[in-house]
Amino acid sequence: MTSEETQGSVIEMLRFIFKRVWTQWPMLLLSLSSLLIIAGLEFSIPQVTQRIIDEVIPSKSVSQLSINIGLLLLFASLLSIFSYISTYVMSRISQTAIVELREDLYRHVLKQDFQFFETQKTGDLMTRFSGDIKTIQDLISPNTLKLVSNMLTFGFVMGFMLVKDWRLTLLISLTFPMLYLLNFYFSRHLRQAFRKVRQSTSKINNQLQASLTSILLIKNFATEDFETERFKKVNTENKENYLTAMGYQTMFAPSIDFVNYLGVAIVLGYGTLQVFQGELTVGNIIAYLAYLKLLQNPIRSFTQMVSRFQQSVVSYERIMELYEVEPTIIEPQQGLVLESLKEGAEFSGVSFGYQEDQVILDDVSFKLPEGEVTALVGSSGSGKTTVTRLLTRLYDPTSGQVLIDGKDIKNYTMSSLRHNIGIVSQDVELIDGSIRENILYGSLNATEEQLIQTIEAAKLTEFIEELPRGVETQVGERGIKLSGGQKQRIAIARVLLKDAPLLILDEATASLDNESERHIQMSLDNLLERKTSLVIAHRLSTIHNADTILVMDHGKIIEQGTHTELLSQNGRYASLYHSQFK
Ligand SMILES: Nc1ncnc2c1ncn2[C@@H]1O[C@H](COP(=O)(O)OP(=O)(O)OP(=O)(O)O)[C@@H](O)[C@H]1O
């Protein structure tokens, strides 16, 4: 990246931050006015010191001394009070801005297409939310504001010194270009180094996330050492990147210090010569040394800020990358609200691929008539789950239409469409909470009575009654404390309670033993009787009674009919069926 691009990003970042803090302008104004007062006070204190040395000491006047010491203490206490105000107010501004940013980003990320989450690494997303936002938070900090107050003081002091002794001021100013060059050199390297640190931190998070979510796989295959070795690699990479960054950062401060001492030497050397000639007083030199510090402070904190800026720009860009992603599955401008299902759903000439030039569904057409059970069977990978993803608009077809009640589903608002569809999928997803929270998820207004009826219908009553804490039992992260069948039944209960008119059961009875399957099948049959449904099953025994069975192969519907019709056709369905029941 060229330095112009870097500057562009810095300016964009500052604009971005400014927009976020400006909404709190009264607070910001309060903080800034405190800073102005602080700058004035910092400038005035050396004046008092100089007066004591040059005027009070020769006059030997105790009353003058008391007045000046009193003034010094007054300035010092005001300095403390205003520092407190500006720091506290700035912390509030920063916290408020960051909370809003985090919320905003969360909302933006949740809005993204399903595909975004399938391709994005969770660990990387987490780093952007935690680490990168924290870096921006550090930038909107009291320390940054301190830089503003230092700069104000710098302005006061430079003006004053130029008027007092322009030659000395110019001599000190000679050190400024050196500081600029040092800044320029280090900032470039620091920026690149911190980008690498962030990237390797993301890798660590990804690896952690991947192994913690696949812990069962790791245990079963006893791959702990293998995983630890992989972790060691990314961890070491992170250490090396961090050390490179630290190398630059630690070289940075001493180089700046050296140039600062050069300034001290100039003031002492030039100032003492002037005292020899009677042009300056000792008080002047002491005041100038204090002022030199006030000139150096901003540069010192500026140099610290440079590294913070480098990190922040990297983080800012990573956050912006997230903001720049826009969902492609979007709501219509004035979407129709799907109230309920009247005619049913239909796939009309639908083709689809997850990537360009990929054909997963090839000109698929079929109907899901209202109130009927339609079953979808076919070999693994033939595209059954993909059909359900198009029906719920997780993806849009590349060509053709998915219709509900005769209208393309793209016309409906996303929430009304999804409210009308209930899904029990292959991979049951439970939230980390109680059984109650899991069943009520999505139907928060359900009554206690409805909850009990649902538990009964899903054949969960006995299981729940045996638990010491009943429905309040925590299911553990990702339902780890439950059996596959229990999880499945909770998921079925959740959909039962949602009471959506269109149901998708994707291998809904997959993890159930014969006993529970019979139980659940009964309640599912009751449920299906009144609903329009699409049932995906590998076990053909579960779909005998379906009104229509669709047979899918390599993304095409190759047969269609009732169980008896399809058996008599002696085609693909018949051979699948016989292979399961011979
Ligand atoms: N997110 C994805 N990105 C790319 N390809 C995918 C994705 N999801 C599925 N596929 C591919 O699409 C094809 C159809 O997958 P799908 O899950 O629809 O099959 P299925 O019939 O439901 O299989 P199964 O019965 O095994 O669940 C498969 O070849 C699969 O590899």
Side-chain angles (χ1 to χ4, degrees), residues 109-110 112-122 124-125 206 209-210 213-214 217 325 327-329 345 347-366 368 373-400 402 409 418 421-429 484-485 487-488 491-492 495 502-512 517 533-543 546 548-560 566 571-573 575-577 579-580:
V109 166
L110 284 194
Q112 295 310 312
D113 293 344
F114 180 63
Q115 186 171 27
F116 170 82
F117 298 96
E118 286 203 311
T119 45
Q120 191 79 26
K121 292 216 159 85
T122 314
D124 181 60
L125 270 180
N206 281 331
Q209 204 261 342
T213 46
S214 315
L217 184 74
V325 190
T328 55
I329 314 271
F347 270 53
S348 168
V350 170
S351 296
F352 173 76
Y354 287 97
Q355 279 102 35
E356 254 177 66
D357 302 329
Q358 186 194 32
V359 182
I360 297 290
L361 297 185
D362 186 5
D363 195 17
V364 170
S365 296
F366 64 86
L368 301 176
V373 176
T374 308
L376 187 57
V377 301
S379 50
S380 180
S382 54
K384 303 181 296 292
T385 302
T386 307
V387 165
T388 68
R389 288 178 167 179
L390 294 187
L391 191 53
T392 48
R393 257 202 110 191
L394 288 180
Y395 291 91
D396 278 340
T398 16
S399 64
V402 180
I409 55 172
R418 292 179 183 160
I421 305 180
I423 306 183
V424 183
S425 55
Q426 278 174 332
D427 307 314
V428 174
E429 286 203 69
K487 280 189 236 173
Q488 196 103 37
I492 290 174
V495 173
L502 179 57
L503 274 186
I504 299 173
L505 308 180
D506 190 352
E507 305 274 2
T509 53
S511 341
L512 302 179
E517 184 185 335
S533 53
L534 179 66
V535 180
I536 297 177
H538 275 154
R539 281 191 285 182
L540 304 185
S541 59
T542 55
I543 47 138
T548 313
I549 298 170
L550 309 167
V551 184
M552 211 166 186
D553 189 42
H554 288 97
K556 276 181 180 296
I557 305 284
I558 53 165
E559 288 172 22
Q560 182 164 346
L566 289 179
R572 186 60 193 269
Y573 180 79
S575 78
L576 275 175
Y577 186 79
S579 70
Q580 284 188 11

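Order of listing sets the numbers, starting from 1, for every ligand and every atom in it. The figures that follow rest on heavy atoms only: side chains count, while hydrogens, waters and symmetry mates do not.
For atom 30 (C) of ligand 1, the closest heavy atom belonging to the protein is Ile360 CD1, 4.9 Å. Distance from atom 5 (N) of ligand 1 to its nearest protein heavy atom, with residue and atom name: Tyr354 CD1, 3.3 Å. The single protein non-hydrogen atom nearest to atom 17 (O) of ligand 1 is Thr385 CB, 3.5 Å, given as residue, atom name and distance. The nearest protein atom to atom 1 (N) of ligand 1, hydrogens excluded, is given as Glu118 OE1, 2.7 Å; this is a heavy-atom distance. For atom 27 (O) of ligand 1, the closest non-hydrogen atom of the protein is Gln426 NE2, 3.0 Å.
Residue Thr386 approaches ligand 1 through these ligand atoms, each under 4.0 Å from one of its heavy atoms: 14 (C), 15 (O), 16 (P), 18 (O). The contact set between ligand 1 and Ser382, taken as ligand atoms under 4.0 Å from a residue heavy atom, comprises 19 (O), 21 (O).
Without hydrogens or angle criteria, Gln112 side chain to Val325 main chain gives a donor-acceptor distance under 3.5 Å. Using modelled atom types, one side-chain atom of Lys384 and one backbone atom of Ser379 make a donor-acceptor pair closer than 3.5 Å.
Thr385 meets the side-chain hydrogen bond (donor to acceptor under 3.5 Å, both in side chains) test with Asp506; sequence neighbours excluded.
The proximity of Lys384 to ligand 1, defined as any non-hydrogen pair under 4.0 Å, involves the side chain as well as the backbone. Residue contacts with ligand 1, taken as heavy atom pairs separated by less than 4.0 Å, do not involve Gln115 at all.
Salt-bridge check for Arg393 with Asp396: passed, with a basic side-chain N closer than 4.0 Å to an acidic carboxylate O.
Using 4.0 Å as the threshold, Gly381 has a heavy atom nearer than that to some atom of ligand 1. Residue contacts with ligand 1 do not include Met552, since none of its heavy atoms lies under 4.0 Å from the ligand.
Considering both main-chain and side-chain atoms, Gln355 never comes within under 3.5 Å of ligand 1 through any nitrogen or oxygen pair.
The aromatic rings of Tyr577 and Tyr573 sit parallel to each other, their planes meeting at less than 30°, with 60° as the upper class boundary.
No option in Asp363, Ile557, Leu368, Leu390 other than Leu390 meets the side-chain contact (heavy atoms from CB on, under 4.5 Å) test with Phe347.
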